[in-house]
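Numbering starts at 1 and runs along the sequence shown.
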Amino acid sequence: VQLQASGGGSVQAGGSLRLSCTASGGAFSAHHMGWFRQTSEKEREFVAAVSATGSSQYYADSSKGRFVISRDNAKNIVYLQMNSLKPEDTAIYFCAARNKWNIHDFSSAYSSRYTYYYWGQGTLVTVSS
């Protein structure tokens with residue numbers, strides 16, 4: 001499956017952005033999806049994930065209460081709505097996918113970058129103070 005992330009940009013602290021990740025070339029509804037972010041100072045870190053059916057959502061502590069992950073399996077898109085943005089949210093954001101048929105328990109593995117086999121190219125989010 002190929003992933004294309006979009007929606008990044010520059011915003012002031014307290015603002016909002018919605019990232020999108022469009023999938024092609026595979027059965028999107030059979031894939032668990034995740035969002036990660038990376039800066040030059042930090043390794044790639046988990047932001048949020050959603051199960052293949054959309055019934056379960058998972059968040060990093062830094063994302064809880066501010067970010068919402070959702071998916072539209074009819075359109076092959078996963079979204080990350082980011083609200084109350086902070087300068088420390090500045091990063092390149094990546095979407096990632098893992099086929100549900102070859103992982104036993106996504107609920108215990110969603111936060112690891114090594115869980116995901118497919119990655120998008122990243123979209124830059126810059127939050128100014």
Q. Tell me, do I69 and V78 make a side-chain contact under 4.5 Å, heavy atoms counted?
A. yes
(Q) Nearest 0.5 angstrom please: S63 OG to Y58 OH, how far? (A) 15.0 Å
**Q.** Flag, side chain of N76 to backbone of G25, donor-acceptor distance under 3.5 Å
**A.** no
Q) Would you say V1 and F28 are hydrophobically clustered, going by side-chain heavy atoms of ILVMFWY under 4.5 Å? A) yes
Q: Could you tell me which non-hydrogen atom of N73 sits nearest to which non-hydrogen atom of A52, and how far apart they are?
A: ND2-O, 3.1 Å
Q | Distance, nearest 0.5 Å, that separates CZ of R71 from OG of S29 | A | 7.5 Å
Q | Chi angles and distances behind the side-chain contact (heavy atoms from CB on, under 4.5 Å) call for Q121, Q4 | A | CA-CA 7 Å; Q121 87 290 357; Q4 179 78 33; 3.2 Å; yes
Q: Report yes or no: do V50 and F106 belong to one cluster of Ile/Leu/Val/Met/Phe/Trp/Tyr joined by side chain heavy-atom distances under 4.5 Å?
A: no
(Q) If you compare all heavy atoms of I77 against all heavy atoms of S20, which two are closest, and at what distance to 0.1 Å? (A) CG2-CB, 4.2 Å
**Q.** Geometric cation-pi criterion R44 and F36, 6.0 Å radius, 45° cone
**A.** no
Q: Give a yes or no on whether L80 and L85 share a hydrophobic cluster (residues Ile, Leu, Val, Met, Phe, Trp, Tyr; joining criterion: side-chain heavy atoms under 4.5 Å apart).
A: yes
Q: Flag this pair as yes if the NZ/CZ of R113 is under 6.0 angstrom from the six-membered ring centre of F94 and inside a 45 degree cone about the axis; otherwise no.
A: no
Q) Would S62 and R37 count as a side-chain contact (heavy atoms from CB on, under 4.5 Å) if you check the C-alpha gap in whole Å, the side-chain angles of each, and the deciding distance to 0.1 Å? A) CA-CA 12 Å; S62 59; R37 65 188 183 188; 3.5 Å; yes
Q.
If you define the side chain from C-beta out and look only at heavy atoms, does anything of L3 sit under 4.5 Å from M33?
A. yes
Q: Identify the two heavy atoms, one from A5 and one from C95, that lie closest to each other, and give their separation to 0.1 Å.
A: CB-SG, 4.1 Å
Q.
So which atom in T115 and which in A109 form the shortest heavy-atom distance, rounded to 0.1 Å?
A. OG1-O, 2.6 Å
Q: Determine whether V68 and L19 fall in the same hydrophobic cluster, where Ile, Leu, Val, Met, Phe, Trp and Tyr are linked whenever their side-chain heavy atoms lie under 4.5 Å apart.
A: yes
**Q.** Contact summary for A97 and H31, nearest pair of heavy atoms
**A.** CB-CD2, 4.1 Å
**Q.** Nearest atoms (heavy-atom pairs only) where I92 meets L124
**A.** CG1-CD1, 3.9 Å
Q) Is it true that atom CD of Q12 has more than 12 heavy atoms of other residues, nucleotides or ligands lying nearer than 6.0 Å? A) no
Q. Judged by atom type as modelled, is there a donor-acceptor pair below 3.5 Å linking the side chain of S56 to the main-chain atoms of S51?
A. no
(Q) Before you tell me yes or no, could you show the steps for D61 and K64 under salt bridge (charged side-chain N to carboxylate O under 4.0 Å, His left out), namely the whole-Å CA-CA distance, both residues' side-chain angles and the distance that decides it to 0.1 Å? (A) CA-CA 5 Å; D61 288 343; K64 285 179 184 176; 3.4 Å; yes
Q: First locate atom CG of L17, then atom OH of Y93, and finally report the distance between them rounded to the nearest 0.5 Å.
A: 9.0 Å
Q.
Please check this pair: side chain of T90 against backbone of V127, looking for a donor-acceptor N/O pair closer than 3.5 Å.
A. yes
Q) Rounded to the nearest 0.5 Å, what separation is found between the OG1 atom of T39 and the CD atom of E45? A) 7.5 Å
**Q.** Aromatic centroids of Y110 and F46 separated by under 6.0 Å
**A.** yes
Q: Report whether W35 and V11 are members of the same hydrophobic cluster (ILVMFWY, side-chain heavy atoms less than 4.5 Å apart, transitive linking).
A: yes
Q: Examine R98 relative to Y117 and say whether NZ or CZ is less than 6.0 Å from the centre of the six-membered ring and inside a 45° cone about the ring axis.
A: yes
